[in-house]
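Taking it in order: structure first as structure tokens, then the write-up.
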There are 2 protein chains.
Amino acid sequence: MAHDDVHPVSLNCGDCPIRHRAVCARCDADEIDELENIKYYRSFEAGQTVIWAGDKMDFVASIVSGIATLTQTLEDGRTQMVGLLLPSDFVGRPGRSAAAYNVTATTNILMCCFRKKPFEEMMERTPHIAQRLLQMTLDELDAAREWMLLLGRKTAREKIASLLSIIARRDASIKPLAGSNRVTFDLPLTREAMADYLGLTLETVSRQISALKRDGVIVLEGKRHVTVPDIDRLLMEAGDDSDGGFLI
Amino acid sequence: MAHDDVHPVSLNCGDCPIRHRAVCARCDADEIDELENIKYYRSFEAGQTVIWAGDKMDFVASIVSGIATLTQTLEDGRTQMVGLLLPSDFVGRPGRSAAAYNVTATTNILMCCFRKKPFEEMMERTPHIAQRLLQMTLDELDAAREWMLLLGRKTAREKIASLLSIIARRDASIKPLAGSNRVTFDLPLTREAMADYLGLTLETVSRQISALKRDGVIVLEGKRHVTVPDIDRLLMEAGDDSDGGFLI
DNA sequence: CGAACAATTGAACACAGTCAAATACTGTGG
DNA sequence: CCACAGTATTTGACTGTGTTCAATTGTTCG
């Protein structure tokens with residue numbers, strides 16, 4: 001079923017879109033050369049599973065393009081997303097042989113992979129990699145804690161508004177049309193994936209999106225394309241502190 | 001109000017109870033000497049706030065003894081615990097000047113502190129510290145993700161059983177009376193703190209603890225001392241995978 | 001002993017979940 | 001290009017878990 005690598009890809013690190021944000025961000029020219037030699041690319045189509053929790057995982061990787069998710073499940077099927085992987089995010093844990101979570105491509109993705117052994121050896125010798133990985137892991141931990149507040153204490157409406165804010169923020173940082181407080185973007189997640197992210201059912205997600213639409217907080221064209229006429233209004237709905245760090 | 005340092009403490013790193021588990025775990029004798037020179041101790045009484053979110057934080061620290069919590073709040077007072085700090089856990093983030101969370105002592109605690117600047121400088125030169133900190137941060141991230149599953153998808157009863165399992169596991173690793181599947185421990189948290197941990201109200205916590213007691217899953221002596229006659233039963237109630245990693 | 005705090009218990013309610021049906025998309029083959 | 005199948009999404013009616021508000025009981029410590 002899984003036939004990845006349909007279109008084998010090659011890319012020079014110099015031209016890589018995530019060169020300055022990924023785990024290699026701090027590496028100098030020599031170090032990049034070394035990484036260049038051990039890297040390889042893999043691509044997955046939307047919906048494909050990259051790896052199952054518990055499976056042997058002999059590589060680590062950076063997301064080059066597309067979106068993937070980390071999910072955890074209880075035996076009875078209840079599913080919780082525990083990570084949303086965007087371009088430049090890191091997959092896998094040095095020093096661990098099995099995957100701890102399911103990794104799934106929600107859009108077509110391209111990953112820059114390193115076999116675990118050589119990568120670990122290089123990490124030992126290369127503080128720049130370990131330093132960057134520490135920084136990224138601390139950022140992820142902060143994001144996870146923000147997420148815990150959402151899961152534990154926010155209402156369904158606030159959860160939806162928070163998720164839309166996060167996506168809007170990310171898109172704003174890519175195409176910063178500053179000045180205006182109007183934002184437009186595509187939802188990269190299905191209703192079900194949103195539900196798994198937010199600890200809700202997909203019906204509740206659908207209802208709350210409809211409610212935000214009815215109340216004029218968002219405008220929908222089709223099911224996936226969202227326009228936020230007033231981003232401050234959305235941030236209020238998300239229930240965070242005043243500015244929510246949106247402008248930082 | 002806050003009068004810490006009532007009993008200034010001094011301790012040799014050689015005698016330190018967290019020497020092999022804290023951020024200094026991998027340091028060699030020379031490195032420990034250097035840390036010894038810049039460390040200082042602070043103690044806080046149960047209930048005291050160590051630092052408020054947003055306050056300037058010019059130190060990082062290890063918890064030597066006692067228990068502290070990290071919490072986040074929404075403006076309207078809703079509170080979510082996002083970290084439970086046990087002995088050897090690390091407080092603060094290198095490269096960040098303000099505290100991101102409220103840190104509160106739930107029992108009397110002793111912290112081994114380092115001023116941020118010297119610590120960061122030493123970290124630059126000392127891979128052993130950065131390596132250990134990365135490892136600890138990755139562990140915390142895993143714990144946070146486990147917690148997200150709990151917050152997003154578990155029932156109130158499962159949440160309580162999970163929390164009791166976590167505390168039981170920790171105590172078991174300290175005094176491992178293997179063979180028996182009977183465990184006894186004291187709850188280090190109030191009902192309110194448990195509620196903030198689990199994303200519940202304190203009334204629901206109280207009701208579910210009463211229910212677990214009524215059903216014979218736990219036995220209470222007083223409000224804080226818990227006996228679990230059959231740890232496997234408790235783990236079943238927690239809803240995790242079969243063994244829940246309890247024996248690993 | 002009494003005050004302050006912590007925990008339990010009860011009753012009514014509300015928010016989100018469940019089950020079910022209808023509707024809107026998407027891509028495929030005729 | 002359209003019809004159709006399969007999937008995603010919306011909407012409705014009802015239910016149930018956990019919350020809220022309130023009163024009571026238990027514990028700790030001046």
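Residue numbers start from 1 in every chain, and the chains themselves are labelled A, B, ... in the order their sequence lines are given, proteins ahead of strands. Worth knowing before you read on, the calculation uses all heavy atoms, side chains too, and leaves out hydrogens, waters and symmetry mates.
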Task: Euclidean distance, atom CD of residue B:Glu45 to atom P of D:dC29 [Å, nearest integer] - done: 12 Å
Task: Lys/Arg N to Asp/Glu carboxylate O, B:Arg153 vs A:Asp76, below 4.0 Å - done: no
- [ ] With B:Leu220 as reference, evaluate B:Val226, B:Leu187, B:Thr227 under the side chain to side chain contact (heavy atoms under 4.5 Å, CB included) test and give the passing residue.
- [x] B:Val226
TODO: With rounding to the nearest 0.5 Å, note down the distance linking OG in A:Ser62 to CD1 in A:Ile18.
DONE: 4.5 Å
Task: Nearest non-hydrogen partners of A:Met148 and B:Leu151, listed with the distance - done: O-CD1, 3.6 Å
Task: Nearest-nucleotide 5' precedence on DNA chain C, A:Gly222 against B:Leu202 - done: B:Leu202
Task: Rounded distance (Å) that lies between atom C1' of C:dT8 and atom NZ of B:Lys223 - done: 7 Å
Open item on the list: Using whole Å, what does the distance between atom C1' of nucleotide D:dT11 and atom CZ of A:Arg214 come to?
Closed with: 11 Å
Open item on the list: So B:Ser206, base contact, sugar-phosphate only, or nothing? Heavy-atom distance under 4.0 Å.
Closed with: base
Task: Interatomic distance where NZ belongs to A:Lys159 and P belongs to C:dA16 [whole Å] - done: 8 Å
- [ ] Could you tell me the separation between the CG atom of A:Leu212 and the C1' atom of D:dT11, rounded to a whole number of Å?
- [x] 16 Å
TODO: Specify the residues of residues 77-86 of chain A, ordered by number, for which at least one heavy atom lies under 4.0 angstrom from an atom of DNA chain D.
DONE: none
- [ ] Please determine if B:Arg207 and B:Glu203 form a salt bridge, counting it only when a charged side-chain N lies under 4.0 Å from a carboxylate O.
- [x] no
Task: Separation of atom CG in A:Asp186 from atom P in D:dA8, rounded to whole Å - done: 17 Å
Atom pairs under 3.5 Å: protein N/O with N/O of nucleotides 14-20 of chain D:
from: D:dG18; atom 1: OP1; to: B:Ala156; atom 2: N; distance (Å): 2.7
from: D:dT19; atom 1: OP2; to: B:Thr201; atom 2: N; distance (Å): 3.4
from: D:dT19; atom 1: OP2; to: B:Thr201; atom 2: OG1; distance (Å): 3.2
from: D:dT19; atom 1: OP2; to: B:Thr204; atom 2: OG1; distance (Å): 2.4
from: D:dT20; atom 1: O4; to: B:Arg207; atom 2: NH2; distance (Å): 2.8

Open item on the list: Salt bridge or not between B:Asp215 and B:Arg233? Use side-chain N to carboxylate O under 4.0 Å.
Closed with: no
Open item on the list: Can you measure B:Leu220 atom CG to D:dT27 atom P for me and round it to whole angstrom units?
Closed with: 11 Å
Task: Presence of A:Ser210 side-chain N/O under 4.0 Å of D:dT11 phosphate oxygens OP1/OP2 - done: yes
Task: Below 4.0 Å: OP1/OP2 of C:dA6 and any side-chain N or O of B:Arg224 - done: no
TODO: Could you tell me which non-hydrogen atom of A:Lys159 sits nearest to which non-hydrogen atom of A:Leu150, and how far apart they are?
DONE: CE-O, 3.3 Å
- [ ] For B:Leu187 and D:dT27, give me the distance from atom CG to atom P, rounded to whole Å.
- [x] 15 Å
Task: Face-on cation placement of A:Arg42 at A:Phe59 ring, 6.0 Å and 45° thresholds - done: yes
Open item on the list: Check this for me: does any side-chain nitrogen of one of B:Arg78 and B:Asp196 sit under 4.0 Å from a carboxylate oxygen of the other?
Closed with: no
